[in-house]
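Keep in mind that what you see is a predicted model, and the values were worked out from it rather than measured. We name chains A, B, ... by the order of the sequence lines, and we start the count at 1 in each one.
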Amino acid sequence: MDNVKKRAAELLKSEAVKVVIGYTMGTNGKPRAAFIQNAEDVDSLIFNAQCVQNLAVYLSKAEIKQLGKPAIVAPLNVLRAIIQLASEMQIQENELIVLGVSPDGELIDFQNFSAIEKYLEDFNMEVDAKEKETLEKISSMSLEERWKFWNEELAECFKCYACRAACPMCYCHKCAVEQNKPQWIPVAAHRLGNLEWHIMRAMHLAGRCVNCDACHEACPKGINLNFLTKLMLNDAQEEFGYTGVTLKEGNLLSTFKTNDQENFIQ
Amino acid sequence: MNEFEPKIVAFVCNWCTYAGADLTGTSRIKYATNVKIVRFPCTGRIDFMLLLKAFSEGADGIIISGCHPNDCHYTSGNFHARRRWVMFRSLLDFMGIDVRRIQFSWVSAAEGAKWAEIVNSTVETVRELGPYSDYQKVADFLKTEVENG
């Protein structure tokens, strides 16, 4: 982490960047995001296993953009989000400096986005074995049990949209849930609206989700809503051979192959 | 007349299935009257939210139909739709929504008889499944909440 701090200080001193987005210690021993604008403050930067928030979420926020060019402390999840955002034309190479961080906190230099893409090839984005087990456990329930399970799970949701705020891929300036002509999702937190919101969220993230679990971490009710996006990721891999974030291949649902397979269309 | 008559909403594309359904009519083929057809420019335009809206507004079953692969008027709308349906269907199934109530099909403008078959078989399937009261209960929950302020 010392190298990261050193580089951050250099960048701020030379005014190559105006702000460094990183992690610092928050209250109750839980890390939070830090926006460091002075070189002398870089010592407050930290990195450990508890740094689970996906900092890439700030790259598309107007409040952060107005601070000036950012450098961003980027562990694996953030790197993936950066590449996904770049593939969706949301950020460009010259707009930010990426301070890659290995799992043990060492600085990784990336010359450009292609270098990040190449680095990511070594890390599988698959849903891990334990999570797959959970997916299978839910899938093996009867239809009624699944319906009951998700109704109960989502009953806790009070539509605070923290999952949306924490997600680097939820960057729309006007989200469909805020549209009222037509009103796609009822505003109140009741069963129908909760169900529809979580279906819509999963669908809008299908093939785009970087599997960082920031949504689940942000949820004040601890709803396992990330298993909906994990299912989508798993399906994308099984059905369409999706391999993870790439710069050029295009999003899963905005591309197609003429020989895509299905077994339910008559 | 206590027998349950399923309410089916069909989302169809303008160029193939809608024309196909037209042909069913001009060919004087009789088929179940339970279906309400909503015409779209293309299957690629059929937002998955519309399916959820159909269920919450009281549909017991849904038909989605458009041009066969390679026949899309806009060359690729149905290919995009196919991918979306694969994902959407899996998600609904995972969440306990009854995907047997949603019939996906390709019906071309020349397949008037196939359209009649699709509608008839869907009506029969849904008739056996009964009213979609599970989803209705959730949707009605909203209505009673609104009515009671």
Between [X] and [Y], is any pair of side-chain heavy atoms under 4.5 Å apart?
| X | Y | result |
| --- | --- | --- |
| B:Phe104 | A:Gln266 | no |
| A:Asn259 | B:Phe79 | no |
| A:Glu262 | B:Trp85 | no |
| B:Val138 | A:His190 | no |

Reported [atom1]-to-[atom2] distance for the pair [X] and [Y], which is rounded to 0.5 angstrom:
| X | Y | atom1 | atom2 | value |
| --- | --- | --- | --- | --- |
| A:Trp184 | B:Lys53 | CH2 | NZ | 7.5 Å |
| A:Thr258 | B:Asn70 | OG1 | CG | 6.5 Å |
| A:Asn151 | B:Asp134 | CG | CG | 8.5 Å |
| A:Met232 | B:Phe88 | CE | CZ | 9.5 Å |
| A:Leu192 | B:Tyr135 | CG | OH | 5.5 Å |

Toward chain A, the part of [X] with a non-hydrogen atom under 4.5 Å:
| X | value |
| --- | --- |
| B:Asp93 | both |
| B:Phe48 | side chain |
| B:Leu50 | both |
| B:Gln103 | side chain |

Counting neighbours of [atom1] on [X] that are heavy atoms of other residues, nucleotides or ligands and sit closer than 6.0 Å, is the number greater than 12?
| X | atom1 | answer |
| --- | --- | --- |
| B:Arg45 | CZ | no |
| B:Lys7 | NZ | no |
| A:Lys30 | NZ | no |
| A:Lys61 | NZ | yes |

Below 4.5 Å from any heavy atom of chain B, which atoms of [X] appear? Answer side chain, backbone, both or neither.
| X | value |
| --- | --- |
| A:Gln261 | backbone |
| A:Leu143 | both |
| A:Lys257 | both |
| A:Ser142 | neither |
| A:Ala176 | neither |

Query raised in the report: Under 3.5 Å, side chain of B:Arg83 to main-chain N/O of A:Phe240, donor-acceptor pair present?
Result: no
Nearest heavy atoms of [X] and [Y], plus distance in Å:
| X | Y | answer |
| --- | --- | --- |
| A:Ala206 | B:Met87 | CB-CE, 4.0 Å |
| A:Ile199 | B:Ile97 | CD1-CD1, 3.7 Å |
| A:Ile265 | B:Arg82 | CD1-CG, 4.2 Å |

Requested in this report: Mind running side chain to side chain contact (heavy atoms under 4.5 Å, CB included) on B:Ser90 and A:Glu239 for me, showing each step along the way?
Outcome: CA-CA 11 Å; B:Ser90 162; A:Glu239 303 283 344; over 6 Å; no
Query raised in the report: Can you tell which of B:Met95, B:Met49, B:Arg89 has the highest number of heavy-atom pairs within less than 4.5 Å of chain A?
Result: B:Met95
Query - Among the listed options B:Leu52, B:Ile118, B:Val86, the residue most often paired with chain A at heavy-atom distances under 4.5 Å - result: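 Most pairs with chain A among the choices: B:Val86.
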Query - Pick from A:Phe227, A:Phe264, A:Phe149 with the largest number of heavy-atom pairs that fall under 4.5 Å of chain B - result: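 So the answer, after comparing A:Phe227, A:Phe264, A:Phe149, is A:Phe264.
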Query raised in the report: Who among A:Met203, A:Glu144, A:Met141 has the most heavy-atom pairs with chain B under 4.5 Å?
Result: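 Greatest number of close heavy-atom pairs with chain B: A:Met203.
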Report task. Report yes if the distance between the aromatic ring centroids of B:Phe94 and A:Trp150 is under 6.0 Å, otherwise no. Result -> yes
